[in-house]
Amino acid sequence: RIAVPLACAGHRVTAVDLDAAMLARSEARWTAERGRRPAGGLRHLVADLRTLRLDDRFGLAFIASNTLAELGELGAQAAALRTLAAHLAPGGLAVVDVVLPSPDELLAWDGRLSLEWTRSDPATGSLVSKLIAARWDNAARTVEVTQLFDALPPDGGPLERTARTDLLRIATAGELTLMAEAAGLTVESIDGGFELEPFDAGAARAVLVARQPG
């Protein structure tokens with residue numbers, strides 16, 4: 001969602017993910033898009049963002065779309081910030097965004113199962129429904145999320161179910177600041193959204209912008 005548009009805009013992009021299937025989808029989209037317009041470059045690396053160390057240095061390094069939460073615990077999140085810092089050129093920017101759940105959302109994370117969406121899968125023609133159940137642990141600031149994907153074949157037949165469970169950790173704006181500073185970055189701002197709107201009590205998201213000194 002982000003690496004391909006950046007590459008299509010002419011930037012040289014390195015995309016890192018532990019999930020080879022995710023990178024395969026990105027590669028397929030990149031192959032389709034770059035034939036339609038002038039483009040930069042995009043390479044895909046199957047690697048762990050907690051431990052990755054490349055020789056390259058970049059003007060921008062980011063962890064987007066609440067991906068930081070997927071790491072599940074504070075130490076892993078801090079390691080990811082160190083990876084960003086290690087790959088920035090002097091003066092380069094690090095950007096990280098995290099979702100900040102509202103009180104109503106936290107109340108709903110009580111283990112109840114709910115339907116999130118139903119849509120058609122263009123690849124198979126199946127009608128797919130996504131059901132989700134989440135349980136919040138206030139002490140650890142973690143939420144255990146179980147997702148069920150039910151696929152109904154277009155011609156009928158048995159329902160196919162795929163399930164996965166993830167442990168997410170919701171970092172605070174203060175933790176983002178401390179992790180960035182501990183990684184040697186200079187925090188320029190904590191913003192309330194992708195348009196860099198003010199961070200206030202009603203912010204549904206925290207966006208960290210930090211710079212590598214020099």
Side-chain angles (χ1 to χ4, degrees), residues 1-31 33-34 39-100 140-143 145 164-191 194 196 205-214:
R1 288 178 291 174
I2 300 175
V4 171
L6 283 173
C8 288
H11 300 286
R12 291 183 297 112
V13 181
T14 297
V16 177
D17 203 298
L18 264 181
D19 189 339
M22 288 282 285
L23 295 180
R25 290 173 68 94
S26 178
E27 180 65 40
R29 183 179 175 190
W30 168 236
T31 299
E33 291 287 341
R34 66 181 169 180
L42 176 58
R43 68 169 169 170
H44 296 91
L45 295 179
V46 179
D48 189 330
L49 68 101
R50 297 169 297 181
T51 57
L52 176 71
R53 291 296 183 271
L54 303 173
D55 292 333
D56 307 83
R57 296 296 179 266
F58 302 89
L60 170 67
F62 61 85
I63 303 174
S65 302
N66 204 40
T67 300
L68 193 72
E70 296 278 353
L71 298 179
E73 57 98 12
L74 182 59
Q77 293 173 338
L81 267 291
R82 291 194 295 271
T83 294
L84 289 192
H87 291 90
L88 284 175
L93 285 176
V95 180
V96 183
D97 79 275
V98 295
V99 167
L100 302 177
R141 292 194 59 80
T142 58
V143 55
V145 180
R164 63 174 293 158
T165 298
D166 297 287
L167 184 68
L168 311 181
R169 184 180 186 279
I170 308 300
T172 67
E175 288 173 335
L176 278 182
T177 298
L178 291 174
M179 287 188 285
E181 291 175 344
L185 299 172
T186 300
V187 175
E188 294 197 342
S189 65
I190 293 283
D191 301 291
F194 296 132
L196 305 184
R205 182 179 302 276
V207 180
L208 168 85
V209 180
R211 191 176 296 274
Q212 180 67 271

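Only heavy atoms go into these numbers, but all of them, side chains included; no hydrogens, no water, no symmetry mates. Worth saying up front: this structure is predicted, and the values here are computed from it rather than measured.
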* Asked: Which heavy atom in Ala7 sits nearest to a heavy atom in Trp30, and how many Å separate them?
  -> CB-CZ3, 3.5 Å

* Assess whether side chain to side chain contact (heavy atoms under 4.5 Å, CB included) is satisfied between Leu68 and Leu81, documenting all intermediate values. => CA-CA 9 Å; Leu68 193 72; Leu81 267 291; 4.0 Å; yes

* Taking C-beta and beyond as the side chain, do Leu49 and Leu71 meet within less than 4.5 Å on heavy atoms? -> yes

* Taking atom CZ of Arg53 as the centre, does the number of heavy atoms from other residues, nucleotides or ligands within less than 6.0 Å exceed 12? -> yes

* Does some side-chain heavy atom of Ile170 sit less than 4.5 Å from a side-chain heavy atom of Val99? -> no

* **Distance (rounded to the nearest 0.5 Å) between Leu176 CG and Ile190 CD1** => 5.5 Å

* Asked: Can you tell if the side chain of Leu45 reaches within under 4.5 Å of the side chain of Leu54, non-hydrogen atoms only?
  -> yes

* Between the side chain of Arg82 and the main-chain N/O of Gln77, is any donor-acceptor distance below 3.5 Å? -> no

* Asked: With a 4.5 Å heavy-atom cut-off, do Gln212 and Leu185 have their side chains touching?
  -> yes

* Asked: Got more than 12 heavy atoms from elsewhere within 6.0 Å of CZ, Arg57?
  -> yes

* First locate atom CG of Asp55, then atom NE2 of His87, and finally report the distance between them rounded to the nearest 0.5 Å. => 8.5 Å

* Starting from the C-alpha separation in whole Å, work towards a yes-or-no answer on side chain to side chain contact (heavy atoms under 4.5 Å, CB included) for Leu74 and Met179. => CA-CA 9 Å; Leu74 182 59; Met179 287 188 285; 3.9 Å; yes

* Asked: To the nearest 0.5 Å, what is the distance between CZ (Arg205) and CG (Asp97)?
  -> 5.0 Å

* Starting at CG of Leu52, measure out to OG1 of Thr14 and round the result to the nearest 0.5 Å. => 9.0 Å

* Do you know which of Val13, Val4, Thr31 makes side chain to side chain contact (heavy atoms under 4.5 Å, CB included) with Ser26? -> Val4

* To do: For residues Thr186 and Glu181, determine if any side-chain heavy atom of one lies less than 4.5 Å from a side-chain heavy atom of the other.
  => no

* Asked: Under 3.5 Å, is there a donor-acceptor pair linking the side chains of Arg169 and Thr142?
  -> no

* Among Leu84, Val98, Val95, find the one that has a side chain to side chain contact (heavy atoms under 4.5 Å, CB included) with Ile63. => Leu84

* Structure fact -> Distance col, row Leu60:CG vs Leu93:CG, nearest 0.5 angstrom, shows 6.5 Å

* Does atom CZ of Arg141 have more than 12 heavy-atom neighbours, drawn from other residues, nucleotides or ligands, at distances under 6.0 Å? -> yes

* To do: Search all heavy atoms of Pro213 against all heavy atoms of Gly184 and return the closest pair with its distance.
  => CD-O, 3.3 Å

* Look only at the side chain of Asp166 and the backbone of Leu168, and say whether a donor-acceptor pair between them is shorter than 3.5 Å. => no

* Asked: Quick one: do Arg43 and Asp56 make a salt bridge, cutoff under 4.0 Å?
  -> yes

* Structure fact -> Between the CG atom in Asp191 and the CG atom in Leu208, the distance rounded to the nearest 0.5 Å is 9.0 Å

* Asked: Do the side chain of Glu188 and the main chain of Val209 share a donor and acceptor less than 3.5 angstrom apart?
  -> no

